[in-house]
Amino acid sequence: MSTIAAFYGGKSILITGATGFLGKVLMEKLFRTSPDLKVIYILVRPKAGQTLQQRVFQILDSKLFEKVKEVCPNVHEKIRAIYADLNQNDFAISKEDMQELLSCTNIIFHCAATVRFDDTLRHAVQLNVTATRQLLLMASQMPKLEAFIHISTAYSNCNLKHIDEVIYPCPVEPKKIIDSLEWLDDAIIDEITPKLIRDWPNIYTYTKALGEMVVQQESRNLNIAIIRPSIVGATWQEPFPGWVDNINGPNGIIIATGKGFLRAIKATPMAVADVIPVDTVVNLMLAVGWYTAVHRPKSTLVYHITSGNMNPCNWHKMGVQVLATFEKIPFERPFRRPNANFTSNSFTSQYWNAVSHRAPAIIYDCYLRLTGRKPRMTKLMNRLLRTVSMLEYFINRSWEWSTYNTEMLMSELSPEDQRG
Ligand SMILES: CCCCCCCCCCCCCCCCCCCCCCCC(=O)SCCNC(=O)CCNC(=O)[C@H](O)C(C)(C)COP(=O)(O)OP(=O)(O)OC[C@H]1O[C@@H](n2cnc3c(N)ncnc32)[C@H](O)[C@@H]1OP(=O)(O)O
Ligand SMILES: NC(=O)C1=CN([C@@H]2O[C@H](COP(=O)(O)OP(=O)(O)OC[C@H]3O[C@@H](n4cnc5c(N)ncnc54)[C@H](OP(=O)(O)O)[C@@H]3O)[C@@H](O)[C@H]2O)C=CC1
């Protein structure tokens, strides 16, 4: 049996963000490879009219968990959904649940965050900074805690070209920002946000950098590690290839290309497409949890999980592969035949947006109106182009991430664990 899988046997694990993309795959891998773990606590909030139990059942009944049912038939008894809203300062966790978390938790994987690029600063600070601080305070009251694994992003310092596995200081102390947000009104916050985030491209990456500083400043005597994945894509191998459940990052753009909505995107074709499969990220998370708990490094180690220096791909190659795939396996009833290109400059991009995106959408909506149906294409196209505009920063640049710590960790693993 794998050393790492054996380590999680009998453990009580707390996962925040377990209902998210990364959290679900982490939960699945834990149940499938360490079915003798004691319990996984997940902080869940009601969403889209579903209760906690309904959300948990929906996740456990999904295709992603098919293999888990075979190896861990009592999985329902090993998962403990705890009501929590990270927007609330005390997470709105009941006294009884809090008592159980504080007294029983051995490992914490903190995945919860807002990953929206256009969130408000107030909401993003609440989730990506204040909630992290609150969880660290909780962790400091857990006598059995062996490791706290914080999930950040490889883009938390994307204002730098070369990024090392270290925590970089932010221009403004997180505590000062948290305190200011308590009395500033939204209008003032909106006005000062561009100046505050400086050369960060969006509020998401900026607040993830602040979150890392909070981890460093409030680590107390906790045994902590930070993991920075790049762009997390669909599963490569486990539990089966090609699983993804969101339209974030490349996923939405690829779908829009396949449906024939997107015909051109402003990208640097030779820029590194640093996409990393979600199961690869989860394998590293479990390895980091084991290493941090067993070897107890003297300081908070940062681990980059990126593909650019191991198995580099670029956006051109990815685009060609995407189009070839849709040639072989087309969507049903696409808006148009998939045929997209990268444009290199803003004027050409604006031209294609007008001619190949907005005009066809308007014409199609006229057709819908004439045939007595509700127009929807212009709204969808505007949303898609807004999404593309937010992603353009990341597809017109390349970064170099050092991976010394990740390589060191890999060298500590058994051959079986190195295979993941
Ligand atoms: C040579 C051949 C060339 C071929 C070119 C074409 C091929 C292309 C393939 C390769 C290119 C791929 C480029 C991708 C670039 C990836 C870069 C990503 C970088 C991320 C760096 C950081 C990674 C992280 O650390 S965190 C995870 C990343 N976070 C995100 O990705 C979040 C980004 N998304 C957002 O912030 C929001 O979704 C936002 C603001 C962009 C849109 O918000 P909005 O409120 O408008 O939408 P939603 O509420 O999300 O959804 C409303 C509605 O719109 C639909 N929708 C939303 N996004 C997309 C989308 N991308 N594509 C399609 N549809 C989308 C969504 O379904 C909703 O529909 P409803 O019916 O209203 O629910
Ligand atoms: N996806 C990617 O490409 C990358 C992601 N990351 C990091 O990985 C982590 C997970 O990302 P990912 O899984 O993609 O994100 P998702 O948006 O899929 O999941 C976010 C999770 O956070 C939870 N959450 C958000 N707000 C609250 C709240 N107020 N109270 C309780 N829970 C809340 C969500 O719960 P709910 O289901 O109720 O909304 C969900 O479980 C994040 O920290 C992100 O920064 C890093 C690099 C790349």
Side-chain angles (χ1 to χ4, degrees), residues 14-28 41-52 54-56 58-59 64 81-93 108-117 119-120 122-132 134-135 149-158 163 202-212 214-215 226-235 243-254 273-282 284-285 302-307 390-391 394 399 401:
L14 166 60
I15 303 176
T16 72
T19 55
F21 175 45
L22 202 56
K24 283 178 194 153
V25 179
L26 171 65
M27 231 182 352
E28 191 278 336
Y41 296 110
I42 61 173
L43 302 189
V44 189
R45 58 180 175 168
K47 192 173 183 184
Q50 284 190 312
T51 64
L52 273 62
Q54 286 168 330
R55 295 195 73 187
V56 171
Q58 186 176 46
I59 291 169
L64 181 68
I82 289 179
Y83 172 83
D85 182 352
L86 274 60
N87 284 315
Q88 313 289 330
N89 277 338
D90 61 355
F91 293 172
I93 295 176
I108 294 177
F109 289 101
H110 181 33
C111 304
T114 173
V115 299
R116 291 184 64 98
F117 291 166
D119 218 328
T120 63
R122 187 191 300 282
H123 187 241
V125 166
Q126 172 58 42
L127 266 177
N128 298 350
V129 191
T130 308
T132 299
Q134 175 66 22
L135 191 65
I149 310 305
H150 176 74
I151 309 304
S152 183
T153 173
Y155 296 90
S156 52
N157 299 282
C158 59
I163 301 163
N202 55 46
I203 287 172
Y204 164 70
T205 52
Y206 177 70
T207 52
K208 290 299 282 188
L210 288 175
E212 290 184 4
V214 160
V215 168
I226 293 176
I227 297 176
R228 289 178 181 155
S230 52
I231 303 165
V232 183
T235 49
W243 183 86
V244 67
D245 75 339
N246 67 72
I247 50 169
N248 280 342
N251 312 328
I253 304 301
I254 290 169
D274 207 300
V275 181
I276 193 89
V278 60
D279 47 332
T280 305
V281 177
V282 163
L284 181 77
M285 288 166 67
V302 178
Y303 298 86
H304 286 156
I305 177 77
T306 57
S307 59
M390 289 185 191
L391 300 179
F394 300 97
W399 286 267
W401 287 282

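This chain uses plain numbering: 1 for the first residue, then up along the sequence. Counting convention: from 1, in listed order, for ligands and their atoms alike.
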Between [X] and ligand 2, does any nitrogen or oxygen pair lie at a separation below 3.5 Å?
X	answer
Ala112	no
Val115	no
Phe21	yes
Lys208	yes
Thr153	no
Gly17	yes
Gly20	yes

* **Chi angles and distances behind the side chain to side chain contact (heavy atoms under 4.5 Å, CB included) call for Phe91, Leu135** => CA-CA 9 Å; Phe91 293 172; Leu135 191 65; 4.0 Å; yes

* Asked: How would you list, by chain and number, every residue that makes a side-chain hydrogen bond (donor to acceptor under 3.5 Å, both in side chains) with Gln54, sequence neighbours excluded?
  ->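 Per chain and number, Gln54 pairs via side-chain hydrogen bond (donor to acceptor under 3.5 Å, both in side chains) with Thr51.
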
With a 4.5 Å heavy-atom cut-off, do [X] and [Y] have their side chains touching?
X	Y	result
Trp399	Asp274	no
Asn89	Thr130	yes
His110	Val215	no
Ile231	Tyr155	yes

Which atoms of ligand 2 have any heavy atom of [X] under 4.0 Å away?
X	answer
Ala113	20 (C), 22 (O), 25 (C), 42 (C), 43 (O)
Lys47	36 (P), 37 (O), 38 (O), 39 (O)
Asn87	29 (N)
Leu86	28 (C), 29 (N), 30 (N), 31 (C)
Leu127	26 (N), 27 (C), 28 (C), 29 (N)

Would [X] count as a contact residue for ligand 2, given that I'm defining contact as a non-hydrogen atom of the residue lying under 4.0 Å from a ligand atom?
X	result
Ser152	yes
Gly249	no
Ser230	yes
Tyr204	yes
Asp85	yes
Arg55	yes
Asn246	no

* Kindly state whether the ring of Phe394 and the ring of Phe117 have centres lying under 6.0 angstrom apart. =>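 Centroid separation for Phe394 and Phe117: below 6.0 Å.
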
* State whether the side chain of Asn128 and the backbone N or O of Thr114 hold a donor-acceptor pair below 3.5 Å, judged by distance alone. =>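 Side chain of Asn128 to backbone of Thr114: a pair is present.
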
* Just by distance, do the side chain of Ser307 and the backbone of Val275 share a donor-acceptor pair under 3.5 Å? ->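 Yes.
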
* **CD1-NZ distance between Ile203 and Lys208, expressed to the nearest 0.5 angstrom** =>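 Going from the CD1 atom of Ile203 to the NZ atom of Lys208 covers 14.5 Å.
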
* At what distance, to the nearest 0.5 angstrom, does CD of Gln134 lie from CD of Gln88? ->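 Between Gln134 CD and Gln88 CD, I get 11.0 Å after rounding to 0.5 Å.
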
* To do: Return the option from Val232, Leu43, Val44 holding the heavy atom at the smallest distance from atom 1 (N) of ligand 2.
  =>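 Checking each option, the heavy atom nearest atom 1 (N) of ligand 2 is found in Val232.
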
* Using heavy atoms and a threshold below 4.0 Å, how should the contact between Arg228 and ligand 2 be classified: side chain, backbone, both, or neither? ->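 For Arg228, no heavy atom sits under 4.0 Å from ligand 2.
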
* Quick one: list whatever passes ring-ring contact (aromatic ring centres under 6.0 Å, His included) with Tyr303, sequence neighbours left out. =>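 Checked Tyr303 against ring-ring contact (aromatic ring centres under 6.0 Å, His included); zero matches.
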
* To do: Quickly, which of Thr235, Ile59, Val282, Leu64 forms a side chain to side chain contact (heavy atoms under 4.5 Å, CB included) with Glu28? Name it, please.
  =>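 With Glu28 as partner, Thr235, Ile59, Val282, Leu64 yield a single side chain to side chain contact (heavy atoms under 4.5 Å, CB included), made by Leu64.
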
